[in-house]
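See below for the structure under consideration.
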Protein chains: 2
Amino acid sequence: MMQELPSLTLPGVTIESLKARCSTCSMHQLCLPMGLDVGDMDKLDKIIGRRRKVQKGENLFRIGDPFTNLYAIRLGHFKTYQINANGEEQVTGFQMGGELLGMDAISTDRHYCSAMALEDSEVCEIPFASLERLLVDMPTLLRHFHRMMSQEITREQSVMLLLGNMQATQRFAAFLVNLGSRYAARGYSDTAFQLRMSREDIGNYLGLTIESISRLLNKFKKQELLRVSNREVEVLDLPRLKAITAGTETCS
Amino acid sequence: MMQELPSLTLPGVTIESLKARCSTCSMHQLCLPMGLDVGDMDKLDKIIGRRRKVQKGENLFRIGDPFTNLYAIRLGHFKTYQINANGEEQVTGFQMGGELLGMDAISTDRHYCSAMALEDSEVCEIPFASLERLLVDMPTLLRHFHRMMSQEITREQSVMLLLGNMQATQRFAAFLVNLGSRYAARGYSDTAFQLRMSREDIGNYLGLTIESISRLLNKFKKQELLRVSNREVEVLDLPRLKAITAGTETCS
DNA sequence: CGATGATTTGACGACCGTCAAGTCTAGTGG
DNA sequence: CCACTAGACTTGACGGTCGTCAAATCATCG
């Protein structure tokens with residue numbers, strides 16, 4: 001349902017080749033496959049600001065913060081969340097290495113959501129004013145930047161489908177399949193991975209309670225769809241999980 | 001909760017002044033307040049393609065259609081919707097005059113959702129390739145285009161908050177308040193307007209059934225929050241409706 | 001005026017949230 | 001190394017919200 005990073009899945013582009021070239025940060029992973037040449041890469045290097053380490057539980061930015069930078073995740077995982085009038089959170093997404101944070105802030109010059117590190121992480125700051133100036137001279141980068149913003153729009157549409165249309169079981173299956181496919185796009189296993197977020201965050205993201213998540217994990221375990229140990233997950237029957245996501249496999 | 005078009009709410013810019021200047025389509029309403037001069041406006045005119053009428057119930061585009069144009073709504077209302085594996089719809093938004101459609105398609109060069117006219121409507125086609133070429137020479141327009149994409153991201157985040165966090169009553173109140181504020185931004189009343197969409201579309205959008213919408217309308221009527229007659233709505237107590245949206249007024 | 005689809009209303013039940021208690025885990029300090 | 005603690009997670013019982021189903025009523029349009 002939700003999409004993989006297309007830039008990481010282009011044919012002939014391996015994650016290793018990108019890492020090798022990457023001189024500064026994951027932003028390059030996103031640009032290289034789009035056809036940036038070495039000269040363009042150097043220009044990009046020049047505007048990319050300092051690296052910044054973000055400790056587990058620390059906010060990269062908060063709702064209402066003035067907007068100056070986009071952030072490319074080099075390492076680690078983040079969650080983004082809205083806060084409603086009562087101070088309750090709504091998790092709007094989980095982000096991992098190679099993804100871009102902060103695009104929601106362009107519209108009002110203030111961040112519209114908060115971003116928190118789920119583990120010790122590292123980002124590259126990309127001053128947006130500089131980036132926008134650079135875009136004028138680099139049509140390829142411009143194109144790619146538009147694709148990334150558009151992709152965030154489609155990602156969120158998928159979440160709306162999930163929240164508006166799916167039952168609890170289906171939502172949770174979709175969540176796992178999506179995580180797996182994103183790890184696969186990064187060269188990791190799509191069936192064995194660690195959940196970087198708490199049950200609470202998962203539940204919040206999926207519009208369910210922590211208890212429901214716990215029960216769903218147990219149900220999937222009993223059906224031999226999953227092996228679960230704490231935050232370690234192994235998907236034993238990915239096709240069936242995908243069928244549940246699609247709504248083909250009715251209940252389970 | 002969801003946002004108004006900021007470009008239509010800048011101080012000193014009335015909807016009339018924009019309409020007067022607007023030579024071709026509502027895209028100009030979006031650009032003028034951002035500081036485009038007359039020369040820039042003319043350049044924009046040149047790339048904007050033909051107007052296109054779309055009849056009620058007709059699709060402007062469908063999921064999977066190849067992407068060539070963005071569409072600026074001149075007149076009328078649209079809904080956008082996803083379709084899941086079982087062919088069920090999930091309405092992801094309602095759009096009105098002055099709003100832009102199709103930005104989700106940039107990422108994959110195919111439309112990621114379908115758009116259908118809720119009444120006889122009219123749009124301007126904006127060939128995206130031409131627009132992107134133009135953006136290179138017009139930093140102001142570039143800036144504005146990025147704001148519009150970003151705004152779509154924040155809008156969707158608000159819907160995620162709505163679907164993930166709110167109860168039925170609160171969702172419906174939020175929906176009405178949002179509609180009102182968007183009409184207000186266009187120079188119409190924020191308390192008396194016509195619903196252009198069916199109960200079914202509203203329910204689908206809010207993750208509720210048509211029956212629930214009907215009951216909610218009735219409840220609000222009994223509480224003297226609304227006067228309702230078919231699709232005609234008059235909000236009698238906007239502050240209280242806003243309080244319900246915010247979750248301040250507990251149940252009602 | 002008749003027909004078709006949209007909307008309303010009621011009865012009922014399922015799904016999932018709430019509450020409460022219990023268990024496990026990881027991190028800390030003795 | 002173990003005891004202790006706080007927080008994360010699990011499990012069970014119960015209830016409420018909202019979905020499902022069915023029937024009736026109401027608009028709209030040829």
Side-chain angles (χ1 to χ4, degrees), chain A residues 55-57 79 84 86 88-91 116 118-120 162-175 194-222 226-233 244 247 250-252, chain B residues 55-57 79 84 86 88-91 116 118-120 162-175 194-222 226-233 244 247 250-252:
Chain A
Q55 288 194 329
K56 177 175 176 173
K79 69 170 173 180
N84 71 13
N86 294 325
E88 299 159 340
E89 288 185 13
Q90 169 67 40
V91 175
M116 179 182 282
L118 295 171
E119 60 189 328
D120 291 353
L162 181 145
L163 290 173
N165 214 301
M166 297 184 183
Q167 303 275 65
T169 306
Q170 208 178 349
R171 291 186 202 182
F172 188 55
F175 168 74
Q194 201 197 112
L195 301 172
R196 314 300 170 115
M197 64 295 286
S198 66
R199 307 279 195 268
E200 183 160 14
D201 284 337
I202 299 174
N204 188 314
Y205 174 63
L206 297 176
L208 302 171
T209 59
I210 187 174
E211 292 95 331
S212 294
I213 300 302
S214 192
R215 283 185 247 271
L216 284 167
L217 272 170
N218 204 273
K219 185 163 109 178
F220 282 178
K221 235 193 293 195
K222 280 180 186 158
L226 290 183
R227 197 171 322 196
V228 185
S229 164
N230 303 324
R231 294 194 174 185
E232 217 62 50
V233 170
I244 294 171
T250 42
C251 167
S252 64
Chain B
Q55 287 193 330
K56 177 175 177 173
K79 68 170 175 181
N84 72 12
N86 293 327
E88 298 158 341
E89 289 186 12
Q90 169 67 38
V91 175
M116 180 182 282
L118 295 172
E119 59 189 329
D120 291 354
L162 182 145
L163 290 174
N165 213 301
M166 296 184 184
Q167 302 276 66
T169 306
Q170 208 178 350
R171 290 186 203 182
F172 189 55
F175 168 74
Q194 201 196 112
L195 300 172
R196 315 299 170 114
M197 63 296 283
S198 66
R199 307 279 194 269
E200 183 161 13
D201 285 338
I202 298 174
N204 189 313
Y205 174 63
L206 298 175
L208 302 170
T209 59
I210 187 174
E211 291 94 333
S212 294
I213 300 302
S214 191
R215 284 185 247 272
L216 285 167
L217 272 170
N218 207 273
K219 185 163 109 179
F220 283 178
K221 237 193 294 195
K222 281 181 186 156
L226 289 183
R227 197 172 323 194
V228 185
S229 165
N230 301 326
R231 293 194 174 184
E232 217 62 50
V233 170
I244 294 172
T250 42
C251 166
S252 68

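Worth knowing before you read on, the calculation uses all heavy atoms, side chains too, and leaves out hydrogens, waters and symmetry mates. Throughout, a chain's letter reflects where its sequence line sits, starting with A, and its residues are numbered from 1. Every value quoted in this text rests on a predicted model; they were computed, and no experiment measured them.
At a threshold of 4.5 Å between non-hydrogen side-chain atoms, the residues B:Gln170 and B:Leu162 do not count as touching. Residues B:Tyr205 and B:Ile213 fail the side-chain proximity criterion, which asks for heavy atoms closer than 4.5 Å. For the pair B:Arg215 and B:Glu211, the minimum side-chain heavy-atom distance is below 4.5 Å. Using a 4.5 Å cut-off on side-chain heavy atoms (C-beta onward), A:Phe172 and A:Ile202 make contact.
Between the C1' atom of D:dG19 and the CD1 atom of B:Ile213 lies a distance of 12 Å, rounded to the nearest Å. In this entry the distance linking CZ of A:Arg231 with C1' of C:dT25 reads 11 Å, nearest Å. Residue B:Ile202 contributes atom CD1, which lies 12 Å from atom C1' of C:dA6 at whole-angstrom precision. The CG atom of A:Leu216 sits 13 Å away from the C1' atom of D:dT10 (whole-angstrom rounding). Between A:Lys221 atom NZ and D:dC9 atom P there is a gap of 13 Å when expressed in whole angstrom units. Atom CZ of A:Arg199 is separated from atom C1' of D:dT11 by 14 Å (rounded to the nearest Å). Atom pair B:Asn165:CG and D:dT17:P shows a separation of 17 Å (rounding to whole Å applied). Distance B:Asp201 CG to C:dT7 P: 9 Å, rounded to the nearest Å.
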Run the side chain to side chain contact (heavy atoms under 4.5 Å, CB included) test on B:Glu89 and B:Met116 for me, step by step, so that the C-alpha distance in whole Å, both residues' side-chain angles and the decisive distance to 0.1 Å come before the verdict. CA-CA 12 Å; B:Glu89 289 186 12; B:Met116 180 182 282; 5.6 Å; no
Quick one, B:Lys56 with B:Leu118, criterion side chain to side chain contact (heavy atoms under 4.5 Å, CB included). Give me CA distance, side-chain angles, the key distance, then yes/no. CA-CA 5 Å; B:Lys56 177 175 177 173; B:Leu118 295 172; over 6 Å; no
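Heavy-atom neighbours of A:Glu200 CD from other residues, nucleotides or ligands within 6.0 Å: at or below the threshold of 12.
A donor-acceptor pair is defined here as one N or O able to donate and one able to accept, closer than 3.5 Å; no such pair exists between the side chain of A:Gln194 and the backbone of A:Val233.
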List, with names and distances, any nitrogen or oxygen atoms from the protein found under 3.5 Å away from nitrogen or oxygen atoms belonging to nucleotides 25-30 of chain D.
none

List the protein contact pattern of nucleotides 9-16 of chain C with one symbol per nucleotide (5' to 3'): B for base contact, S for sugar-phosphate-only contact, - for none; contact means a heavy-atom distance under 4.0 Å. BBB----S
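Applying the salt bridge (charged side-chain N to carboxylate O under 4.0 Å, His left out) rule to A:Arg199 yields no partners; only residues at least two apart in sequence or on another chain are considered.
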